[in-house]
Amino acid sequence: MTDLSNPRLPGGLPDKRQVAASFSRAAGSYDSVAELQRAVGGELLSRLPAGLTPRRWLDLGSGTGYFSRALAETFAGSKGVALDIAEGMLRHAQPLGGAEHFVAGDAERMPLRDDSCEVIFSSLAVQWCADFAAVLSEARRVLQPGGVFAFASLCVGTLHELRDSWQTVDGLVHVNRFRQLDDYQQLCAASGMRVRSLEVRPHVLHYPDVRSLTHELKALGAHNLNPGRPGGLTGRVRLLALIEAYEGYRQAEGLPATYQVIYAVLEKTV
């Protein structure tokens, strides 16, 4: 286990203890509402370089183990490690298999040996890490020379419809904050690894109403975890005002929720 004792993280990102607790609570409901997560992870899998034959891979931020099992199928005969900060997710995933080892740990301080993996796969997890430079440093340390770190994350612009609708209601922090694309680009360029690819692509989901969106975010454990978020229950007047504001975004398919997804593949050259 790693130290989770940082009481206040820079940049307004959530305390990782709260992230771990929230995703642990969501372990049982996560897969039932994880349409975005499955789509993004599948896209990230397709971006892995052809011809990879790792003996050991790491699913970083493995969650319910959905992609640990996919990696086990992709790399038949290999051995895998599923690592997550949320112990509830690991307890849910372990009986389902996929990985050889299930490890509770922090992406910023991985409890893994140097040069121990040839592929690190991380889908929609590192956006919760306050120190992404540390994540990249740890990935480089854990990878063998020639190894690949493929990650998908979220950047600024994610859930902008929900954020902007709340801004018209009370101006408080109701939606999780994410890094700028420029930050990801600069940190990856300075990581000591070769950037094989890095791009951002929007992924839009549609919902019949606001409650369906907020219910899904809660079931995923990805509801508002930011410092400065309002406490207590949302009053009826504010909720009605939110619904009215969000209705301005309605499309023929329903209410849109846009996720700005970064896909990156890095290679450890030495």
Legend entry - Test item: L112 and L58 side chains (from C-beta on) under 4.5 Å apart, heavy atoms: yes
Legend entry - W166 vs T168 side-chain heavy atoms within contact, under 4.5 Å: no
Inset, instruction - Tell me, please, whether Y184 has R179 positioned over its six-membered ring: NZ or CZ under 6.0 Å from the ring centre and within 45 degrees of its axis? - result: yes
Legend entry - Close side-chain approach of F102 and D84, heavy atoms under 4.5 Å: no
Legend entry - Any donor-acceptor N or O pair under 3.5 Å, side chains Y66, Q37: no
Inset, instruction - Check step by step if side-chain contact (heavy atoms from CB on, under 4.5 Å) holds for D183 and F132. - result: CA-CA 9 Å; D183 292 336; F132 187 57; over 6 Å; no
Inset, instruction - Salt-bridge test for E118 and R55: reply yes if a basic N is under 4.0 Å from a carboxylate O, no otherwise. - result: yes
Inset, instruction - Taking all non-hydrogen atoms of both residues into account, name the closest pair between S68 and S62 and its distance. - result: OG-CB, 3.7 Å
Inset, instruction - Say whether, by atom type as modelled, one donor and one acceptor occur between the side chain of E138 and the main chain of M110 under 3.5 angstrom. - result: yes
Inset, instruction - Over 60° means perpendicular and under 30° means parallel, so classify the ring planes of H160 and Y249, tilted if in between. - result: perpendicular
Legend entry - Passing option when W57 is tested against L71, V81, L52, T74 for side-chain contact (heavy atoms from CB on, under 4.5 Å): L71
Legend entry - Electrostatic pair R140:E267 at N-O distance under 4.0 angstrom: no
Legend entry - Any donor-acceptor N/O pair, Q94 side chain to G65 backbone, under 3.5 Å: no
Legend entry - Where Y259 and T158 come nearest, the two heavy atoms and their spacing: CD2-CG2, 3.7 Å
Legend entry - S191 side-chain N/O to C188 backbone N/O, donor-acceptor pair under 3.5 Å: yes
Inset, instruction - Tell me whether V195 is reachable from L181 by hopping between hydrophobic residues (I, L, V, M, F, W, Y) whose side-chain heavy atoms are closer than 4.5 Å. - result: yes
Inset, instruction - Sort out for me which residue in L124, V135, L266, L60 forms a side-chain contact (heavy atoms from CB on, under 4.5 Å) with F151. - result: L266
Inset, instruction - Find out whether Q260 and L154 are in side-chain contact, i.e. whether some heavy atom of one side chain is under 4.5 Å from a heavy atom of the other. - result: no
Legend entry - 4.5 Å side-chain heavy-atom contact, P202 and V261: no
Legend entry - Matching residue for E43 among H203, R38, R201 - test: side chain to side chain donor-acceptor pair (under 3.5 Å): R201
Inset, instruction - Work out which heavy atom in L90 is nearest to a heavy atom in A82; give both atom names and the distance. - result: CD2-O, 3.9 Å
Legend entry - R250 (side chain) donor-acceptor with P256 (main chain) under 3.5 angstrom: no
Inset, instruction - Compare every heavy atom of V156 with every heavy atom of F178, then report the nearest pair and how far apart it is. - result: O-CG2, 2.9 Å
Inset, instruction - Check for a donor-acceptor pair, side chain of S212 on one end and backbone N or O of P208 on the other, with a separation under 3.5 Å. - result: no
Inset, instruction - Measure the CD-OH distance between E199 and Y263 for me, rounded to the nearest 0.5 Å. - result: 8.5 Å
Legend entry - Neighbour count >12 (heavy atoms, 6.0 Å) for atom CD, E244: no
Legend entry - Shortest non-hydrogen contact from G105 toward L83: O-CD2, 3.4 Å
Inset, instruction - Run the salt-bridge test on D115 and K268 with the 4.0 Å N-O cut-off and return the result as yes or no. - result: yes
Legend entry - Nearest atoms (heavy-atom pairs only) where A107 meets C129: CB-SG, 3.9 Å
